[in-house]
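Numbering of residues begins at 1 and proceeds along the displayed sequence.
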Amino acid sequence: MNNANTTSNSALIVIDVQESFRQRANWAATSNPDLVRNVNRLVAAQRAKGELVVWILHSEPGTGTVFDPERGFNRPIEGLEPAAGEPVLTKTSHNAFTTTNLQQQLTQLGTREVLISGIRTEQCCETTARFASDLGYDVTFVTDATATHPIEHRDAPAGRTLEEILADPRTLTTDAITARTEYALAGRFARIATTDELTQAEPTQDGTEGN
């Protein structure tokens with residue numbers, strides 16, 4: 001988005017696609033190997049339209065975890081790069097609004113639609129979609145530009161290896177998580193869309209497809 005722009009009808013929100021997640025053992029079981037490519041496609045399309053891209057990073061100061069800024073992993077994942085003038089906001093809550101000035105920025109720009117992408121599908125992405133809907137935004141949830149990881153049963157013992165987690169029949173698979181999120185959001189909080197749908201070329205005046 002050009003710094004001179006004073007309005008933006010839509011905002012692509014890229015949530016927590018940061019190096020922190022790659023430091024965890026469960027990164028090997030990430031649901032979406034095409035995450036970075038799809039996010040980049042959405043970013044390129046948004047920039048081409050002169051619309052806003054907002055980058056959200058999650059921070060847990062003082063915890064010593066991979067989300068503690070002192071560890072140095074609170075940066076966009078390799079392959080993603082915010083452009084000059086694109087907001088990079090740091091949150092400490094699950095949704096992207098509560099602990100940032102995201103709503104204020106969108107209000108100032110007259111933004112009406114938000115596109116949701118990022119990590120994790122059912123956690124920070126879904127929570128942001130629900131919150132945005134309650135604030136009155138038109139929400140588009142781009143599922144194949146999100147990613148998640150298997151979720152252990154609440155009674156599972158701590159400290160298990162990834163192999164043990166995946167072998168447990170009570171573990172919720174990434175396919176099940178993604179399907180549940182789409183069922184919960186569609187028709188209530190968001191429109192479900194794919195990266196292809198949002199980045200396909202628009203027809204030119206002569207009827208052919210443009211770039």
Presence of salt bridge, K91 and D16, under 4.0 angstrom: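 Salt bridge present between D16 and K91.
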E126/R180 ion pair, N-O < 4.0 Å: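 Between R180 and E126 there is a salt bridge, with a charged N closer than 4.0 Å to a carboxylate O.
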Judged by atom type as modelled, is there a donor-acceptor pair below 3.5 Å linking the side chain of [X] to the main-chain atoms of [Y]?
X	Y	value
T171	I165	yes
T178	D175	no
Q18	F73	no
R170	E152	no
S133	A129	no
S117	V142	no
D68	T63	yes
S8	L52	yes
T128	A96	yes
R188	Y183	yes

Verdict with reasoning, E60 to V66, per side chain to side chain contact (heavy atoms under 4.5 Å, CB included): CA-CA 8 Å; E60 298 176 357; V66 292; over 6 Å; no
Rounded to the nearest 0.5 Å, how far apart are [atom1] of [X] and [atom2] of [Y]?
X	Y	atom1	atom2	value
I56	L89	CD1	CG	4.5 Å
N101	L106	CG	CG	9.0 Å
E182	T146	CD	OG1	8.0 Å
W55	E81	CH2	CD	8.0 Å
N95	L135	CG	CG	8.5 Å
L109	Q105	CG	CD	7.5 Å

With V43, the side chain to side chain contact (heavy atoms under 4.5 Å, CB included) member among L12, T199, N38: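 The passing option is L12.
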Output field: ring centroids F21/F67 closer than 6.0 Å: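 Judged by ring-centre distance (under 6.0 Å), F21 and F67 do meet the cut-off.
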Same apolar cluster: [X] and [Y], side chain cutoff 4.5 Å:
X	Y	result
L166	I151	no
F141	I177	no
L172	I119	no

Derivation and outcome, side-chain hydrogen bond (donor to acceptor under 3.5 Å, both in side chains), residues T140 and E113: CA-CA 7 Å; T140 299; E113 179 188 21; 2.7 Å; yes
Test item: [X] and [Y] side chains (from C-beta on) under 4.5 Å apart, heavy atoms:
X	Y	result
V36	I77	yes
P76	V17	no
T143	I192	yes
V114	I116	yes
P150	T174	yes

Geometric class of the H94/H58 ring pair [parallel <30°, tilted 30-60°, perpendicular >60°]: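 The rings of H58 and H94 lie parallel, inter-plane angle below 30°.
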Atom of P61, atom of P69 and distance for their closest heavy-atom approach: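 Scanning both residues completely, I find the closest heavy atoms to be CA-CD, 3.8 Å.
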Closest contact, heavy atoms only, C125 versus I15: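 For C125 versus I15, the nearest heavy atoms are CA-CD1, 4.0 Å.
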CA sep, side-chain torsions, deciding dist, call: T148, T121, side-chain hydrogen bond (donor to acceptor under 3.5 Å, both in side chains): CA-CA 5 Å; T148 191; T121 307; 4.8 Å; no
Qualifying side chain to side chain donor-acceptor pair (under 3.5 Å) pairs, either residue in residues 24-36, two or more places apart: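 Every pair satisfying side chain to side chain donor-acceptor pair (under 3.5 Å) with a residue in residues 24-36: T30-H149.
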With sequence neighbours excluded, residues passing ring-ring contact (aromatic ring centres under 6.0 Å, His included) with Y137: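 ring-ring contact (aromatic ring centres under 6.0 Å, His included) list for Y137, sorted by chain: empty.
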Candidate pair N9 and E51, rule side chain to side chain contact (heavy atoms under 4.5 Å, CB included), full reasoning: CA-CA 7 Å; N9 292 324; E51 301 284 9; 3.6 Å; yes
Q23 atom CD, over 12 foreign heavy atoms within 6.0 Å: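 Enclosed.
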